[in-house]
2 protein chains.
Amino acid sequence: MTSPKATAPETTAEVRERARAIPEAAVARLAVYLRVLSGMVEQQVTTISSEELAGAAGVNSAKLRKDLSYIGSYGTRGVGYDVEVLVSHIERILGLTRKHSVAVVGIGNLGHALANYGGFPSRGFPVAALFDIDPDLTGVPVGGIPVHHIDDITSVCAEREVSIGVIATPPQAAQAVCDRLVSAGVQCILNFAPVVLQVPDYVEVRKVDLAVEMQILSFHVARRADEAAGDVVNGVGVDGVVIRP
Amino acid sequence: MTSPKATAPETTAEVRERARAIPEAAVARLAVYLRVLSGMVEQQVTTISSEELAGAAGVNSAKLRKDLSYIGSYGTRGVGYDVEVLVSHIERILGLTRKHSVAVVGIGNLGHALANYGGFPSRGFPVAALFDIDPDLTGVPVGGIPVHHIDDITSVCAEREVSIGVIATPPQAAQAVCDRLVSAGVQCILNFAPVVLQVPDYVEVRKVDLAVEMQILSFHVARRADEAAGDVVNGVGVDGVVIRP
DNA sequence: GAGTGTGAAAAGTTTCACAGCC
DNA sequence: GGCTGTGAAACTTTTCACACTC
């Protein structure tokens, strides 16, 4: 990238420096490439070009090559990428060589779905603990894991070395739950509650907000409808000609 | 924005032009501001400053003001924004003045959770239909709505004017379901299946990929761990001093 | 005095286009 | 001939800072 002549074996420092420099947007796409590539491995595909992989991942090939260049130069010119090599490098960069135990808090409809979701454990994210505030649920197994009372978050999370907390509680409870997770030492949170969580700087929060997603889609519906209507109605453009392109 | 002198009443064309120009990233945040503001309305707050609203929404105030400026100038200098005015303008821009019927396909754990999720109907997204491939589920009510067989997507979606399709099926089924939704005239899709959907240009897809979210968190855990370790171990920095900041 | 609205600068991201290698 | 890797260009988004209004 910057300097190393020929194929110098990378030092830890170089790998680290490189990881630090990967744009946030590229990280998200690397995860997608990884999933596509895992499918390729299963189909016995051994080599793939940037064009093919890009198509399967829904991006253009220049972007894909740029993204891969952030993690190193592992392709062969004129040929493409070795699927397994790429898989292992992406896994390394994403930190998937270690296991990340997950705790789910809030065992309602969504919590149930998450506890039973096969996509976590199979990808190196074992669900290590479940929590709910309802004492009737305590001890009840969900997806094979017994539910703990929310008051035990600190001890259980520490004991099981939980590194990712998933908040699937009603909005009113989310901030309090978040605070407890943080004081239990959890530094990564995936938040499904429609609330903006306040956390210390060192805690990484990602949110999944269904209503927001819907509203973004709604915006696009509305804009399209406006465009279609406006071109004819408003005297701005006639017979379908858009004046301001 | 560009030209209109004084307080010229906006033409439809201007509103349209403006909507077209709102950056994608700003649209997502507007939805968040809207939620925060709705909470304010309930607490009888009538006026709010950019600083306060930004704090509650987890962004900085310059960004918030810029975002709001895309939809118009509805604040009062020295005072702030009228909460209700802002709510109604954001709703208009996001197209929330019409109802958007939602169909959920795939009534497994997640589908159940979505069908029962109160956040949709309460925000103008009534769940109008449920679909599953399992004939045993057909007719069974989930969250008060009977499940249809997947083969009826086209007719039921057309009849109920579904504008948003939610895919909560296993990955193998997702593309086929998507194709059916599209041929039923659905132009917006929210995809929970870990698959990259191929759709025509005019269809808007948003995806929620839990494994990807986890892996992004994992990346940050790994990077942090590397940094912590590297500073001490690698001869790059000593006694906790970070050389490259 | 307080706080919005916005050009202009800075930072981040995507796309282009082609040299270099197989 | 085909395809990667990457600087440089184009575009998007964020941040700054201050003129302007109440």
Side-chain angles (χ1 to χ4, degrees), chain A residues 1-8 10 14 18 20-30 32-33 37 45-83 85-86 89-90 216 245, chain B residues 1-8 10 14 18 20-30 32-33 37 45-83 85-86 89-90 216 245:
Chain A
M1 210 176 194
T2 334
S3 55
K5 305 191 177 169
T7 348
E10 284 192 311
E14 279 164 353
R18 176 165 285 172
R20 184 177 317 189
I22 301 179
E24 193 62 30
V27 173
R29 287 190 299 264
L30 283 170
V32 174
Y33 306 152
L37 288 166
V45 178
T46 55
T47 294
I48 194 166
S49 72
S50 64
E51 203 74 49
E52 292 170 299
L53 181 50
V59 302
N60 72 44
S61 62
K63 196 190 281 181
L64 176 123
R65 288 201 302 279
K66 189 60 127 186
D67 287 345
L68 293 184
S69 81
Y70 294 127
I71 67 173
S73 307
Y74 304 116
T76 310
R77 289 163 198 237
V79 179
Y81 301 89
D82 182 284
V83 174
V85 168
L86 221 42
H89 283 295
I90 297 178
I216 295 170
Chain B
M1 211 175 192
T2 334
S3 55
K5 306 191 176 170
T7 347
E10 282 190 314
E14 279 165 353
R18 176 165 285 173
R20 186 176 316 188
I22 303 178
E24 192 64 31
V27 173
R29 286 189 299 265
L30 284 170
V32 174
Y33 305 152
L37 288 166
V45 178
T46 56
T47 294
I48 195 167
S49 71
S50 63
E51 202 75 49
E52 291 169 300
L53 181 50
V59 302
N60 71 43
S61 64
K63 195 189 283 181
L64 177 123
R65 287 200 304 279
K66 189 60 129 185
D67 288 344
L68 293 182
S69 80
Y70 294 127
I71 68 174
S73 306
Y74 304 115
T76 309
R77 290 166 198 233
V79 179
Y81 302 88
D82 181 285
V83 174
V85 168
L86 221 42
H89 283 293
I90 297 178
I216 296 170

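Note that the structure is a prediction, hence the values are computed from the model and not measured. Atoms considered below: every heavy atom in the structure, side chains included; atoms not considered: hydrogens, waters and symmetry mates. Numbered from 1 within each chain, the chains take letters A, B, ... in sequence-line order.
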Measuring to OP1 and OP2 of [N], would you say a side-chain N or O of [X] lies under 4.0 angstrom away?
| X | N | value |
| --- | --- | --- |
| Y81(B) | dG5(C) | yes |
| N60(A) | dT14(C) | no |
| S50(B) | dT4(C) | yes |
| R29(A) | dT13(C) | no |

Open item on the list: Using the side-chain heavy atoms of S49(A), tell me which of these nucleotides is nearest: dT13(C), dT4(C), dT4(D).
Closed with: dT4(D)
Task: Side chain of S69(A) (C-beta onward), nearest among dT13(D), dT6(D), dT4(C) - done: dT6(D)
Open item on the list: Restricting to non-hydrogen atoms, name the atom on N60(A) and the atom on A54(A) that form the minimum distance, rounded to 0.1 Å.
Closed with: C-CB, 3.8 Å
Open item on the list: Please find the pair of heavy atoms, one from I22(B) and one from Y70(B), that lie closest to each other, and give the distance.
Closed with: CG1-CB, 3.9 Å
- [ ] Only pairs at least two apart or in different chains count here, so list each salt bridge (Lys or Arg N to Asp or Glu O under 4.0 Å) that has a residue in residues 66-75 of chain A.
- [x] R29(A)-D67(A)
Report the distance from atom [atom1] of [X] to atom [atom2] of [N], rounded to the nearest whole Å.
| X | N | atom1 | atom2 | result |
| --- | --- | --- | --- | --- |
| L68(B) | dG3(C) | CG | P | 15 Å |
| K66(A) | dT13(C) | NZ | C1' | 10 Å |
| Y70(A) | dT14(C) | OH | P | 8 Å |
| D82(A) | dT4(D) | CG | P | 13 Å |
| I71(B) | dT6(C) | CD1 | C1' | 15 Å |
| K63(B) | dT6(C) | NZ | C1' | 17 Å |
| E51(A) | dT15(C) | CD | C1' | 14 Å |
| L53(A) | dT4(D) | CG | C1' | 13 Å |

Show which side-chain atoms of residues 76-83 of chain A pair as donor or acceptor with protein atoms under 3.5 Å away, not counting sequence neighbours.
unit_1	atom_1	unit_2	atom_2	d
D82(A)	OD1	E84(A)	N	3.0
D82(A)	OD1	V85(A)	N	3.0

Open item on the list: E24(B): which residues meet the side chain to side chain donor-acceptor pair (under 3.5 Å) condition with it, sequence neighbours left out?
Closed with: H220(A)
Task: Test item: L30(A) and L68(A) side chains (from C-beta on) under 4.5 Å apart, heavy atoms - done: yes
TODO: Using the test salt bridge (Lys or Arg N to Asp or Glu O under 4.0 Å), find all partners of R65(A) that sit at least two apart in sequence or belong to another chain.
DONE: none
- [ ] Take nucleotides 17-22 of chain C nucleotide by nucleotide from the 5' end and write B, S or -, depending on whether a protein heavy atom sits under 4.0 Å from the base, only from the sugar-phosphate, or from neither.
- [x] B-BBBB
